[in-house]
Amino acid sequence: MSSAVQTEQERTRARAHRRRQSKNWSLFLLFAGPNILLILAFIYYPLFSNMYYSTLDWRLGSSSATQIGLENYVAFFTSDSGLEVWRVTGIFTAGAVLGSMILGLLIALVLNKKIPGKTAARTAVFSPYVLSGVGVAMVWNFIFDPTRGGLSHILGFFGVSSPEWYLNEDWSLFMVIIVYVWKNLGYCAVVFLAGLQSIPKDLIEAATIDRAGPIRRFVSVTLPLLTPTVFFLLVTNILFSMTNAFDILRTMTPTGHGTNTIIFEIYLQSFGAYQRAGYSAAIAVVLFFTLFFITAVQLRFVERKVHYS
Amino acid sequence: MSLTRSRPPKEDAQPRGIAPEKKQKLTKAERKQMRRGGWLDAFSRQNLADTIFTGYLPIFVALIVIVLPLAWMVSSSFKPPTEIVTLNPTLLPQDPTLDNFGNVVDRVPLLTMFGNSIYVTLVGSSIKVLLAVTTAYALVFIKVPGRNFIFLGILVALMVPPEVSMLPNYLTITGLGGRDTLWGIILPGLGTAFGTFLLRQHFMALPKEMFEAAELDGAGHFRKLFQIAAPVSIPAIATVGLVTVVNEWNSFLWPLVITGSAEKMTLPVGLNLLQSVETQAGSYGILMAGAVIVIAPMLIIFAALQKYIVAGLTQGSVK
C-alpha cells in the first residue's frame, strides 16, 4: 500500500521534472535555436559539403561532375601550382606575422613610457586595423605606383628608382606584406602594451637596483614575463594572416600572380578564371584542418608551458 | 639610472657610508627636483634626450608611417588630374576641387551602394547582436542537458573562416534565389559565434543574487534577460555591436561573390568595380575619393568609440 503511494509520488515528480525539462528545452530553442540553425546551415553544412565537393572533378555552373576520389588533394600537395600556393602562403604568413609583431612590440615599448599624448598615439596606431581592406589597398596602390606614386617620389629623392611592384612577382608579394603589416601592427602594439602593463613594476625596479641596463632588463625580465602575450599574438596572427588578407590581395593584385596565398587560391580556383569548384573545395578543407591544428596546438600548450607563474 | 633618480630611496633606508657619498654628487637643483615628486626629472638634460630619442622620436616616426597614407588619400581626393600626374606632387592640393567625388557618382551608382552598405550593416548587425544576446543567455541561464556540448559546437564554428564556406554558401543562396539581392548578402553571416562567445563569458560573471531576487518576484526568462541581464551588460553588448558593425561594413569577399549588378553592391565591392574601370594614371584622384567614402565612416566611428572597439577586437589577449 505505502509503496504504491510512493511510486505514485515518484511518478508525479518525474512527470513534473519532465515537464520542466521540456519547457526549458522549448525556451532554450526559442532563445538559441535561430542562431544554432544559422550556424548549422551556413558554417557546418558547408564544411561537410566541401568535403564531398572536394572529391569531384567539377566546373562551377556545370551540371555534370565525375568522382575522382582524392585526386584534388594529391594535386594540391604535389603539383607545381599547388606547391607554389604553399610557398607564397609560407612567405606571406612569416613576413606578415614577424613584421607586425616586431614593429608592434617596438611601438608598445615606446607607448609604455610615461609621456604625454600616448593615448592619442595608441588610438592612431590602432586605427588602420578597423578600416576597409579594399579602401586601404586602393590608397597603397596609388602610393606604390612606379611612376606617379608617393613612394616612387620618395625613392627618387634618394636617387633610387622604384621597383616594378606590379610586374615582378617577388616585389608584389613584398608589397602586399608591407600593406598587411601596416594595417595589422596596431593590433599587435595594443595587445603587447596590455601585456607590458601587467608586468609588476617592482620586478623591473628590482632589476634596476641590481644595475641591469635597459637591454638586460628587457631580455631577462620583460621578455620572459611577456611570453604568454607573445604566444597568443603568434597564434592569432598566423590565423588572421591566413584568413583576413583577401581584400588586400584581391585589390592590389587581382590576378594573384605571385600573391596567391591559400585563401586567395580558394577564390581564384572557384570564382576566378578556372572555375575548378572541386579543387577549390579541397583547398578549403585543407585550410580548415590547418587552422584547426594550429588552434588545437594553442589550446594544448598555452595553459601549460607558457604561463610564467 | 633614471628610475633611481626620480624616486630616491629614503635616507634612513640607505646603508650609511654609501649614502652621503652619493648625495654629494647631486647638485642643488637636482635635489630640488626630487622633492617635487620627480616629474620635472623628465626634462633634465640627460632625460630630455632620453625622452626625445626613445619616446617622441619613434612615436613620431610611427605616426608618420600610419597617418601619412591616409592624409595622402584625403589630399589626393581633392586634387585635379593635373596635380595627380605631376612629377612634383605637393602634400596639399594647390587647386582643391570636388570633381573627383562627382566623378565617382558618375561612374558607379555610389549613393545606391552607400545605401546598400548602410542597410546591410545596420540590419545584419542588429540581428546578429540580438541573436548573440539571446543565445548567450540561453547557454548560461537555461539549464538543459548538453548545452556545454552545444557551446563547444559554437566555439568550433568560431574558427571556420567565411572563405572556407564560400562555395557551398554560394550554391545554397543561389538555390534560394538570393543571388544579387541584399538579403542574400546578409543571410549567411547572421549565425554569430564571436558575439555569443563574448557575451556568454560576460553573463557567466554576473552575480547570481541579481537574478534570485527577480525569481522571487516570479520573473521568467524573458524578463530576466531584457530587464536584468541585458541592461547591466550594455558595455559588453555595445562592444559586440561595434565590432560587428566594423566587420559588416568592411566585408568584401562574400558580397563580391554573391552580387553581380552594381545596384546591389556594397561599397567595398563597388570600389573594386570602380578600380577596374578607372585604369588611367590621372584617375587616382577618383579612386582616392572612393577610398575616402568607404574609410571615413569607420574612422569617425572608431575615433568616437575606440574604447569599446579596441576592447572587442583584442578580446582574449588579457585574462
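All chains are named by letter (A, B, ...) in the order of the sequence lines, taking the proteins before the strands, and each is independently numbered beginning at 1. Hydrogens, waters and symmetry mates play no part in the numbers below; they use all other heavy atoms, side chains included.
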Verify side-chain contact (heavy atoms from CB on, under 4.5 Å) between A:Y267 and B:V257, making sure each step is shown before the conclusion. CA-CA 9 Å; A:Y267 170 84; B:V257 165; 3.9 Å; yes
Looking at B:N250 and A:V130, would you say the former's side chain and the latter's main chain have a donor-acceptor pair under 3.5 Å? yes
Heavy-atom distances under 4.5 Å only: say whether B:S76 touches chain A with side chain, backbone, both or neither. side chain
Given that the side chain runs from C-beta out, which part of B:V156 has a heavy atom under 4.5 Å from chain A: side chain, backbone, both or neither? both
Counting only heavy atoms closer than 4.5 Å, note whether B:L68 contacts chain A via side chain, backbone, both or neither. neither
Is B:L267 close to chain A through its backbone or its side chain, or both, or neither, when contacts mean heavy atoms under 4.5 Å? neither
Check whether any side-chain heavy atom of B:L70 sits under 4.5 Å from a side-chain heavy atom of A:L131, and report yes or no. yes
Student check: side-chain heavy atoms of A:Y45 and B:N169 closer than 4.5 Å: no
Go through the atoms of B:W72 and report whether side chain, backbone, both or neither lie under 4.5 Å from a heavy atom of chain A. side chain
State whether the number of non-hydrogen atoms from other residues, nucleotides or ligands found under 6.0 Å of A:F246 atom CZ is greater than 12. yes
Toward chain A, the part of B:L225 with a non-hydrogen atom under 4.5 Å: side chain
Against chain A, label B:V246 side chain, backbone, both or neither, depending on which of its atoms sit under 4.5 Å from a heavy atom there. side chain
May I ask you to test the B:L167-A:P46 pair for a side-chain heavy-atom distance under 4.5 Å? no
Looking at B:V294 and A:G135, what are the two nearest heavy atoms and their distance? CG1-CA, 3.8 Å
On a heavy-atom basis, the closest approach of A:A124 and B:I66 is O-CG2, 3.3 Å
Taking every non-hydrogen atom, the tightest pair across A:M138 and B:Q275: CG-OE1, 3.5 Å
Measure the acute angle between the ring planes of A:F142 and B:Y284, then classify it against the limits of 30° and 60° as parallel, tilted or perpendicular. parallel
Chain A heavy atoms under 4.5 Å from B:I301: which part of the residue, side chain, backbone, both or neither? neither
With a 3.5 Å cut-off and sequence neighbours excluded, list the donor-acceptor pairs that the side chains of residues 24-35 of chain A form with protein atoms.
from  : atom 1 : to     : atom 2 : distance (Å)
A:N24 : ND2    : B:K143 : O      : 3.2
A:S26 : OG     : A:S22  : O      : 3.0
A:S26 : OG     : A:K23  : O      : 2.9
A:N35 : OD1    : B:T192 : N      : 2.9
A:N35 : ND2    : B:T135 : OG1    : 3.0
A:N35 : ND2    : B:T192 : O      : 3.2
A:N35 : ND2    : B:T196 : OG1    : 3.1

Just so I know, are the side chains of A:F42 and B:S165 near enough to count as touching, which here means a heavy-atom distance under 4.5 Å? no
Establish, yes or no, whether a centroid distance under 6.0 Å links the rings of B:Y170 and A:F271. yes
Would you say the side chain of B:L253 lies within less than 4.5 Å of the side chain of A:R250, judging by non-hydrogen atoms? no
For chain B, find its close neighbours in residues 277-290 of chain A: heavy-atom separation under 4.5 Å, sorted by number, or none. A:A277, A:A281, A:A284, A:L287, A:F288
Counting only heavy atoms closer than 4.5 Å, note whether B:I295 contacts chain A via side chain, backbone, both or neither. both
For B:E163, which atoms come within 4.5 Å of any heavy atom of chain A: side chain, backbone, both, or neither? both
Below 4.5 Å from any heavy atom of chain A, which atoms of B:I173 appear? Answer side chain, backbone, both or neither. side chain
With a 4.5 angstrom heavy-atom cut-off, which part of B:A157 approaches chain A: side chain, backbone, both or neither? both
Counting only heavy atoms closer than 4.5 Å, note whether B:P145 contacts chain A via side chain, backbone, both or neither. both
Between NZ of B:K128 and CG of A:L38, what distance do you get to the nearest 0.5 Å? 10.0 Å
Bottom line for B:V65: the part with an atom under 4.5 Å from chain A's heavy atoms is both
